[in-house]
Amino acid sequence: MDSFHEPYIRQGDDITIEQVRAQLSALEASHKQHGIQLSGRVLHVCHYLPVTATLASPSSSPPHLPLPLHPQIPQTSPPSPSSSAPPTIVAKPNDAQTLPSDADDTPRWSLSPRYGHAAMISGIRSLSFTYQQLIIGWTGDILSSTPASSLPASSVSSQDRAALEDALATYTPREADPDDDRKTTYVPVWLDQAVAHGHYDGYCKQTLWPLFHYLLWQDVATEYASADSHYSAYAAANLAFAQRIAQIYVPGDLIWVHDYHLLLVPKMLRALIPDAVIGLFVHTPFPSSEVFRCLPRRKEILDGMLGANLVCFQTYSYSRHFTSTCVRVCGYESTSRKTEALIQGIDVQGHVTSVMHCPVGVDAERVARDTLRPGVQPKLEALRSLYEGKKIIMGRDKLDVVKGVLQKLRAFEKLLHDYPEWIGQVVLIQVTSPALSDSPKLERQVSELVAHINGEYGSLDFIPVHHYHQTLKKDEFYALLSVADLGVITPLRDGMNTTSMEFVIAQEKSGKRSPLVLSEFMGISQHMADALLVNPWDLGDVASAMNRGLLMSASSKLARHERLHRVVTTHTSHTWALVLSKMLLAQMGGQGTARRTPFIEKAVLKDAYDKAGKRLFLFDYDGTLTPIVKTPAMAVPSPSTLLALTKLTEDPKNLVYIVSGRDQLFLEQHLGKLSGLGMSAEHGGFIREPMRGGSEEGGEGKESEWVNFTERLDMEWMEEVGEVFRYYTERTTGSHIEVKKSSITWHYRASDPEWGQFQCRQCQDLLENNLAHKRPIEVLVGKKNLEVRPIAVNKGEIVKRILYQNPDADFIFCAGDDKTDEDMFRALHLFATDATSATLDPPLSITLIDDHAANGGSSKPELPTVALAVKPEGVFTTAVGHMSKRTLASWHVTTPEEVVGHMLHLVDIDPATVASAPLEDEAGEEKETSHF
Ligand SMILES: O=P(O)(O)OC[C@H]1O[C@H](O[C@H]2O[C@H](CO)[C@@H](O)[C@H](O)[C@H]2O)[C@H](O)[C@@H](O)[C@@H]1O
């Protein structure tokens with residue numbers, strides 16, 4: 001694995017931030033050398049802006065005077081609403097609490113501050129030394145001064161908005177290097193109040209958050225209509241973000257979209273800026289596919305995410321769940337380790353989204369500094385004397401069901417029950433900070449349980465549990481972390497959890513080196529093997545770990561602490577942000593950004609068609625003229641497809657062929673009535689020329705014979721391959737074998753998608769390593785199938801043959817959707833790109849087969865090279881699939897319906913006037929649109 005693609009600095013690696021910086025610079029230099037445009041900017045798209053801003057009354061405020069940060073809702077007299085002077089707006093980051101606050105003006109409105117995501121914000125800000133940064137986020141609620149209430153965003157005048165945007169754009173953060181003019185700017189997204197709250201309090205908090213933390217909705221303590229309500233607000237908010245990004249985007253920008261609030265943004269943004277380099281970082285856990293599949297809007301959400309070039313998670317297991325969900329729920333394929341080099345990814349119609357992981361850390365230096373703030377020590381001393389002679393267990397969690405506070409309290413109760421020697425000797429100080437959407441039910445349950453434990457195990461001079469439901473001040477927080485004899489952080493699920501990292505740093509500074517009990521269901525646990533890892537549901541397990549931690553020897557504590565400290569201080573928010581930049585930068589110029597096959601416009605095609613004297617059409621069948629469906633036998637041509645082919649073949653200027661992997665029987669059965677249609681079956685193994693002089697059933701003319709190019713080939717391998725396929729069919733429920741005359745296909749579309757793909761890879765390995773080098777065969781990975789055919793035949797050879805026999809064609813349209821069709825594009829590539837090389841040597845199929853037959857077994861060597869009439873502008877090689885799909889074709893359309901629509905347009909038929917029935921198989925299964 002090369003260092004550019006290395007997903008993460010692994011635990012124990014000695015890589016430093018300087019090394020990541022050096023890798024970044026090397027990547028940038030290499031991109032510049034290859035002419036890849038870099039803007040030097042990173043756009044971070046977050047749910048809300050980490051700033052506080054206040055709009056002051058113009059009449060009373062001096063320009064650019066900083067205003068108090070807290071409280072945000074002013075208590076003083078109302079502003080003068082009619083003033084026409086420009087507003088004075090002061091904006092500052094949420095953490096800039098030391099700015100002077102000597103203003104006496106009256107804010108007219110202010111943005112409500114929001115906290116959280118500290119690690120992310122500190123990581124983003126640390127990049128200011130490397131990149132120009134833009135943080136794009138929702139303003140948060142707009143609070144009016146009188147009455148103290150939320151205002152609809154629409155009531156903020158455009159003048160005020162512009163003033164706020166200016167203030168944010170010109171704000172220089174404290175931590176910026178004064179000699180460096182690169183900095184962080186803040187770009188507000190204005191959301192209508194209903195959209196903003198439907199988005200966050202509704203869909204984010206009531207639907208996605210519980211699901212991502214393995215809580216199905218009936219378990220959530222809030223009341224709401226359904227898992228689908230608020231989706232429209234979620235989509236509207238995401239669209240507003242995408243549009244805002246598009247307004248400020250410049251080519252060469254790197255765009256990082258953050259978290260579960262904005263999962264639709266990548267796809268929406270891709271539609272607005274097809275070339276954008278987009279990363280999506282998911283800070284929460286990503287659940288197993290069996291949980292995720294319950295989401296009514298699962299496909300929309302996954303497709304939204306897959307609009308990104310790179311989707312990144314906190315841990316490998318979250319990324320594995322995501323990949324598996326895309327495969328299982330949407331039917332997409334994960335890229336093989338073999339084909340897409342080293343990166344795991346998801347293939348959607350040829351667009352590959354890379355999937356990686358990179359855990360966020362804390363700003364270790366800053367936490368260490370904060371732990372030593374002068375205010376911390378007195379608080380620490382106070383705690384020490386208050387609990388003198390007792391061991392202190394500390395817990396600090398948001399009051400949210402997923403944080404497992406109830407389970408922790410029960411485990412503490414079990415500690416006192418199972419190890420009664422601790423009664424009177426240990427206290428649990430549990431702080432619960434209020435969650436944004438508070439749950440009174442949970443609050444009540446916690447209070448009741450605390451009272452129960454204290455009643456059961458407490459006495460007049462001993463209270464076992466000290467519960468504080470409040471937001472701790474920084475000094476109190478660090479004092480608590482520093483004084484504790486044991487940290488117990490046991491959420492039921494948590495994306496990462498930064499308190500545990502802060503605990504380790506605080507313990508280093510206080511010199512205590514106390515141990516940590518951590519839930520194994522949080523992202524950080526995978527990197528903290530030296531904590532005491534527990535299952536928070538197993539109360540006995542947690543109680544025993546608490547006991548073990550409290551009794552741990554000093555040397556053991558020290559050894560564990562040192563290793564944890566090393567992890568926390570080498571995997572910081574700064575390294576995280578740099579590694580993220582490196583990963584996204586590595587996507588530039590790569591798959592999905594460099595390759596853009598243009599969409600072929602109907603008018604362009606029609607223009608060339610009308611001007612041409614002789615036209616050649618070469619169509620693949622499955623996935624090109626008809627959508628992929630679950631059962632191969634049900635992939636029958638639609639009325640539109642038949643009409644388009646009929647009309648094309650009726651025109652004497654046209655020569656139309658189907659070049660398919662299907663066998664003769666299938667092609668004859670479904671397309672045989674079109675006698676003007678030429679057909680090639682089994683990937684070029686057979687050909688039947690069109691009948692001249694009649695195109696419809698009953699038309700004039702004599703039916704052509706099939707020519708078999710495989711007749712004299714060694715076909716003994718068919719039995720051997722059949723045996724291998726039978727072995728895998730027995731072991732892969734739902735799979736089946738399609739035996740054709742000279743090729744054989746193993747299908748696994750109806751099998752478990754992951755097992756099917758795994759078996760396919762195993763089978764492919766077996767065939768390639770044990771048979772392919774001994775036999776004249778080629779193994780082809782198709783769409784949920786594995787095909788084996790003779791190496792001597794392919795679709796490219798057929799195309800050359802047709803072309804050689806029709807050198808006067810001056811218009812060629814060739815369409816296909818999968819790898820075997822690339823042989824056709826390759827055969828035409830030279831003529832599609834180079835005006836000077838329009839000559840063609842006699843193809844093998846003519847020299848070896850036709851002439852062989854004509855000359856009684858001896859081939860005739862001197863067939864002439866022919867000159868072709870076609871010019872590059874008359875060759876339309878067209879891939880069906882995503883524009884970023886790897887292809888030799890010069891054009892693309894996205895679906896088979898578009899291929900047919902384009903053909904109908906050529907013959908002057910409006911597709912809307914043609915009756916079209918949705919494809920259904922016998923079981924009523926709809927066509928599989930998800931995977932082409
Ligand atoms: O060259 P083509 O015309 O594209 O044919 C390639 C293979 O297509 C068929 O399999 C594929 O389509 C089926 C129907 O949509 C689908 O169920 C299957 O999963 C696909 O792999 C066909 O069955 C094969 O014989 C062709 O070689």
Side-chain angles (χ1 to χ4, degrees), residues 331-333 347 349-350 618-638 641 645 657-671 677-687 721 725 729 732 734-751 753 756-757 759-760 763-764 778-790 793-799 814-825 878-881 887 889 895-897 899 918-923 925-932:
Y332 298 146
E333 288 196 47
D347 185 333
Q349 298 177 1
L618 304 159
F619 296 108
D620 164 56
Y621 182 71
D622 287 282
T624 298
L625 285 180
T626 184
I628 295 291
V629 292
K630 286 187 179 150
T631 315
M634 300 313 295
V636 297
S638 67
T641 306
L645 290 174
Y657 285 87
I658 303 292
V659 187
S660 171
R662 294 282 186 164
D663 62 14
Q664 301 160 43
L665 199 66
F666 180 92
L667 294 178
E668 275 178 353
Q669 186 185 351
H670 296 291
L671 300 164
L677 186 67
M679 295 186 220
S680 170
E682 301 199 27
H683 300 295
F686 302 83
I687 193 164
V721 174
F725 279 174
T729 306
T732 316
S735 68
H736 73 274
I737 303 169
E738 182 185 359
V739 182
K740 299 179 256 188
K741 274 196 178 149
S742 65
S743 59
I744 180 162
T745 310
W746 180 67
H747 290 274
Y748 64 93
R749 186 169 295 277
S751 310
Q757 193 173 5
Q759 290 289 77
C760 175
C763 184
Q764 183 193 358
E778 192 164 3
V779 182
L780 307 161
V781 182
K783 291 190 164 174
K784 304 227 172 168
N785 77 29
L786 198 57
E787 298 212 49
V788 182
R789 61 151 165 75
V793 298
N794 69 58
K795 292 184 176 185
E797 280 304 313
I798 285 297
V799 167
C814 174
D817 71 311
D818 70 18
K819 288 184 198 127
T820 61
D821 303 319
E822 292 297 316
D823 289 330
M824 297 203 279
F825 301 149
T878 306
V880 184
T887 180
T895 62
E897 287 83 355
V899 176
L919 273 183
E920 281 192 352
D921 67 15
E922 280 166 343
E925 286 172 330
E926 266 193 47
K927 68 183 179 188
E928 190 143 312
T929 49
S930 59
H931 183 69
F932 294 102

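The first residue in the sequence is number 1, and the count goes up from there. Quick caveat, the model's predicted, so the values are computed rather than measured. Numbering of ligands and ligand atoms starts at 1, following listing order.
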Discussion item. So Val880 and Pro896, do their side chains get closer than 4.5 Å, heavy atoms only?
Written reply: yes
Worksheet item: Any idea which atoms of ligand 1 are less than 4.0 Å away from a heavy-atom of Lys783?
Response: 18 (C), 19 (O), 20 (C), 21 (O)
Item to complete: Looking only at protein heavy atoms, identify the closest one to atom 2 (P) of ligand 1 and say how far it is in Å.
Response: Asp620 OD1, 2.8 Å
Worksheet item: Any side-chain donor paired with an acceptor under 3.5 Å for Glu787 and Ser743?
Response: no
Practice prompt. Would you mind running through ligand 1 and noting each atom that sits below 4.0 Å from a heavy atom of Lys630?
Written response: 17 (O)
Worksheet entry | Short N-O contact, Lys783 and Asp817, less than 4.0 angstrom | yes
Discussion item. Pairs of nitrogen or oxygen atoms closer than 3.5 Å, one from Val629 and one from ligand 1: do any exist?
Written reply: yes
Discussion item. So if I count the atoms of ligand 1 from 1 in the order they appear, which ones are less than 4.0 Å from some heavy atom of Pro632?
Written reply: 13 (C), 14 (C), 17 (O), 23 (O)
Worksheet item: Less than 4.5 Å apart, any side-chain heavy atom of Pro632 and any of Arg662?
Response: yes
Worksheet item: Is it the side chain, the backbone, both or neither of Ala635 that has a heavy atom closer than 4.0 Å to ligand 1?
Response: side chain
Item to complete: Check whether any heavy atom of Glu682 sits under 4.0 Å from an atom of ligand 1.
Response: no
Response to the item:
Of His683, Lys795, Arg789, Lys784, the residue with the heavy atom nearest atom 1 (O) of ligand 1 is Lys795
Worksheet, complete the sentence: The protein heavy atom nearest to atom 3 (O) of ligand 1 is Ser660 OG, 2.8 Å
Worksheet item: Are the side chain of Ser735 and the backbone of Thr732 linked by a donor-acceptor contact shorter than 3.5 Å?
Response: yes
Item to complete: For ligand 1, indicate whether the residue Met634 contacts it via side chain, backbone, both or neither (heavy-atom separation under 4.0 Å).
Response: neither
Fill in: Qualifying residues under salt bridge (Lys or Arg N to Asp or Glu O under 4.0 Å), relative to Glu797, sequence neighbours excluded
Lys800
Item to complete: Please determine if Gly661 has a nitrogen or oxygen closer than 3.5 Å to a nitrogen or oxygen of ligand 1.
Response: yes
Item to complete: State the atoms of ligand 1, each with its element, that fall below the 4.0 Å cut-off from a heavy-atom position in Lys740.
Response: 24 (C), 25 (O), 26 (C), 27 (O)
Practice prompt. Carefully, step by step, assess Asp663 and Lys741 under the rule salt bridge (Lys or Arg N to Asp or Glu O under 4.0 Å).
Written response: CA-CA 7 Å; Asp663 62 14; Lys741 274 196 178 149; over 6 Å; no
Item to complete: Looking only at distances, please establish whether an N/O atom of ligand 1 is found under 3.5 Å from an N/O atom of Tyr621.
Response: yes
Worksheet item: Are any side-chain N or O atoms of Tyr621 and backbone N or O atoms of Ala635, one a donor and one an acceptor, separated by less than 3.5 Å?
Response: yes
Fill in: Residue pair Lys740 / Thr745, side-chain donor-acceptor N/O under 3.5 Å
yes
Worksheet item: With respect to Thr641, which candidate in Leu671, Leu625, Val636 satisfies the side-chain contact (heavy atoms from CB on, under 4.5 Å) definition?
Response: Leu625
Worksheet entry | Backbone or side-chain N or O of His747 under 3.5 Å from ligand 1 N or O | yes
Discussion item. Among all the protein's non-hydrogen atoms, which is closest to atom 5 (O) of ligand 1, and how far away is it?
Written reply: Asp622 OD2, 3.3 Å
Practice prompt. Could you tell me whether Asp821 and ligand 1 have an N or O pair separated by under 3.5 Å?
Written response: no
Discussion item. Measuring from atom 7 (C) of ligand 1, which candidate in Met824, Glu787, Arg749, Glu738 has the nearest non-hydrogen atom?
Written reply: Glu787
Fill in: Results of salt bridge (Lys or Arg N to Asp or Glu O under 4.0 Å) for Glu778 - residues two or more places apart only
Arg789
